[in-house]
Peer 1: 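Structure in structure tokens, see below.
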Protein chains: 2
Amino acid sequence: MGVFSKTCEYAIRSVFFIAHRTTSGSRVGIKEIANGIDSPEHFLAKILQDLSRRGIVQSVKGPNGGFYIDEIGLKRPLSDVVEAVDGKSIFTGCGLGLAYCSETNPCPLHHEFKAIRNQLKNLLEQTTIADFSESLNLGITKLRK
Amino acid sequence: MGVFSKTCEYAIRSVFFIAHRTTSGSRVGIKEIANGIDSPEHFLAKILQDLSRRGIVQSVKGPNGGFYIDEIGLKRPLSDVVEAVDGKSIFTGCGLGLAYCSETNPCPLHHEFKAIRNQLKNLLEQTTIADFSESLNLGITKLRK
DNA sequence: TTAATAAAAGATGAATAACTCTTTTATTTT
DNA sequence: AAAATAAAAGAGTTATTCATCTTTTATTAA
Ligand code: FES
Ligand code: FES
């Protein structure tokens, strides 16, 4: 089990892939995305439909259709994608699964865990989708294998 | 979904509880542990049976029996518990689910994610079970609600 | 307007995680 | 030795996550 659910991992990778492959006006099909990020095609379709409904990505049907991300979307922090799929408990929940993570009733891991959790939160909130696709453009990062 | 699986959360909490409630020679029963950490009794029994087989905790059957943790166990780092239940992928796996997390083929999150992952690793490796139960003894931390 | 294209939607299936219940076995106290 | 106690073991259930396949709907190009 990773930090993010499998669904969320696919969501993040696909968003990076779409941001990287599409320039203004162009779109990329589900097959190409699934292949590009090494994910099950139909499962990814579900995920992207959901992200589309939530406005994280945009889609156009028909020939030359496909998915793309608009200007506003590119400037969104990655945390928006994570929250849309896995919810925000990863940013606020107790590491030991207590019902509430609180200062007044902390678990033994609380202080140290909270610090780590906040680092993750900051990373995802302070970096935009566009920022991440930069490193893909430069060819220094990968989305499969 | 948290950082640890539900099973692992119960495992950690029960280990803390046992360490806290048992002094030399004394044991604590499964019912009391389950109640003390707010977990399903029979599910926890399974988990403790597994931890017992792996030598993380010890148990004695019969009247006045129950679970306890020996001297060696108390000095073990918490990472031993986590690894026994969730495996070590949490310390080494790619945040975006790529087959291998590597410097040569990094995903866009690699560097930042690796730093956070290592902090978690250090926290769990450098603090012993006894250390954590200290704060329980002092009554400043809790294991339920 | 027809054919091609591609996403949307829905039904279903497999795998894993989470949880419950019952029976067995070992130990200890009386 | 008998009764009581408590964990060990194992079978079985439910829920959730992950994944696949098929059908439908929307769009566009010819
Ligand atoms: S109470 Fe557990 S992390 Fe805050
Ligand atoms: S390659 Fe993704 S975290 Fe290292």
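Throughout, protein chains are lettered first and strands after them, A, B, ... in sequence-line order, and every chain is numbered starting at 1. Quick caveat, the model's predicted, so the values are computed rather than measured. Side chains are part of it too, since the values below use all heavy atoms of this structure and drop only hydrogens, waters and symmetry mates.
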Peer 1: Using only side-chain N and O atoms of Tyr10(A), determine if any of them is under 4.0 Å from OP1 or OP2 of dC18(D).
Peer 2: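 No.
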Peer 1: Phe43(A) has an atom CZ; how far is it from atom P of dA7(C), in whole Å?
Peer 2: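 It works out to 18 Å between those atoms.
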Peer 1: What is the distance, rounded to the nearest whole Å, between atom CZ of Phe67(B) and atom P of dT5(D)?
Peer 2: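 Value for this atom pair: 18 Å.
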Peer 1: Give the ring-plane orientation class for Phe16(B) versus Phe132(B), where under 30° counts as parallel, over 60° as perpendicular and anything between as tilted.
Peer 2: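 Phe16(B) and Phe132(B): tilted rings.
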Peer 1: Starting from the 5' end of DNA chain D, give me the residue, Lys46(A) or Lys61(A), whose nearest nucleotide shows up first.
Peer 2: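 The residue closer to the strand's 5' end, by nearest nucleotide, is Lys46(A).
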Peer 1: From CG of Asn64(A) over to P of dA7(C), roughly how many Å is that when rounded to an integer?
Peer 2: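 Distance, rounded to whole Å: 11 Å.
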Peer 1: Without decimals, in angstroms, what is the distance between Tyr68(B) OH and dT27(C) C1'?
Peer 2: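 Those two atoms, OH and C1', are 13 Å apart.
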Peer 1: Please give the remaining members of the hydrophobic cluster of Ile140(A), linking ILVMFWY side chains under 4.5 Å, ordered by chain and number.
Peer 2: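 Members besides Ile140(A), by chain and number: Leu138(A).
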Peer 1: State which residues pass salt bridge (charged side-chain N to carboxylate O under 4.0 Å, His left out) with Glu103(B); sequence neighbours excluded, sorted by chain then number.
Peer 2: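 Result, salt bridge (charged side-chain N to carboxylate O under 4.0 Å, His left out) vs Glu103(B): Lys114(B).
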Peer 1: Heavy-atom contacts under 4.0 Å between residues 48-60 of chain A and DNA chain C, which residues?
Peer 2: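 Going residue by residue through residues 48-60 of chain A, the ones with a heavy atom under 4.0 Å of DNA chain C turn out to be Gln49(A), Ser52(A), Arg53(A), Ser59(A), Val60(A).
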Peer 1: Tell me, which pairs form a side chain to side chain donor-acceptor pair (under 3.5 Å) where one or both residues lie in residues 71-82 of chain B, sequence neighbours left out?
Peer 2: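 Of all non-adjacent pairs touching residues 71-82 of chain B, none passes side chain to side chain donor-acceptor pair (under 3.5 Å).
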Peer 1: Taking salt bridge (Lys or Arg N to Asp or Glu O under 4.0 Å) as the cut-off, I'd like each qualifying pair that reaches into residues 10-28 of chain A, sequence neighbours left out, listed once.
Peer 2: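 Counting only pairs at least two positions apart or across chains, the salt bridge (Lys or Arg N to Asp or Glu O under 4.0 Å) contacts touching residues 10-28 of chain A are Arg21(A)-Glu32(A).
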Peer 1: Using a cut-off of strictly less than 4.0 Å, decide whether Thr7(B) has a side-chain nitrogen or oxygen near OP1 or OP2 of dA18(C).
Peer 2: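 Result: yes.
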Peer 1: Could you check how far CD1 of Ile47(B) sits from C1' of dA7(D), rounded to whole Å?
Peer 2: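 Rounding to the nearest Å, CD1 of Ile47(B) and C1' of dA7(D) are 15 Å apart.
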Peer 1: When you get a sec, tell me which of dT25(C), dA4(C), dT20(D) is the closest nucleotide to the side chain of His42(A)?
Peer 2: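 Output: dT20(D).
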Peer 1: Roughly how many Å is it from CD in Glu41(B) to P in dA18(C), rounded to a whole number?
Peer 2: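 In whole Å, dA18(C) P and Glu41(B) CD are 19 Å from each other.
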Peer 1: Please report the distance, rounded to the nearest Å, between CG in Asn35(A) and C1' in dA6(C).
Peer 2: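 Result: 17 Å.
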Peer 1: What is the distance, to the nearest angstrom, from the CG atom on Leu44(A) to the P atom on dA6(C)?
Peer 2: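 These atoms are roughly 16 Å apart.
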Peer 1: Let's see if you can work this out: which of dA7(C), dT20(C), dC18(D) has an atom nearest to the side-chain heavy atoms of Pro40(B)?
Peer 2: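 Nearest to the side chain of Pro40(B) among the choices is dT20(C).
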Peer 1: Tell me which nucleotide among dT20(C), dT5(C), dT27(C) gets nearest to the side chain of Pro63(B).
Peer 2: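 It is dT27(C).
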Peer 1: Heavy atoms under 4.0 Å, any strand shown: does Lys31(A) hit a base, just sugar-phosphate, or nothing?
Peer 2: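 Counting heavy atoms under 4.0 Å across all strands, no contact is made by Lys31(A).
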Peer 1: Drop me the distance from Leu74(B)'s CG to Asp131(B)'s CG, to the nearest 0.5 angstrom.
Peer 2: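 That separation rounds to 10.0 Å.
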Peer 1: According to side chain to side chain donor-acceptor pair (under 3.5 Å), does anything in residues 54-65 of chain B pair up with another residue at least two apart or in another chain? List the pairs.
Peer 2: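 Residue pairs with at least one partner in residues 54-65 of chain B: Asp50(B)-Arg54(B), Gln58(B)-Asp70(B).
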Peer 1: Looking at dA17(C), I'd like to know if its phosphate oxygens (OP1 or OP2) sit under 4.0 Å from a side-chain N or O belonging to Ser5(B).
Peer 2: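 For Ser5(B), the contact criterion (side-chain N or O under 4.0 Å from OP1 or OP2 of dA17(C)) is not met.
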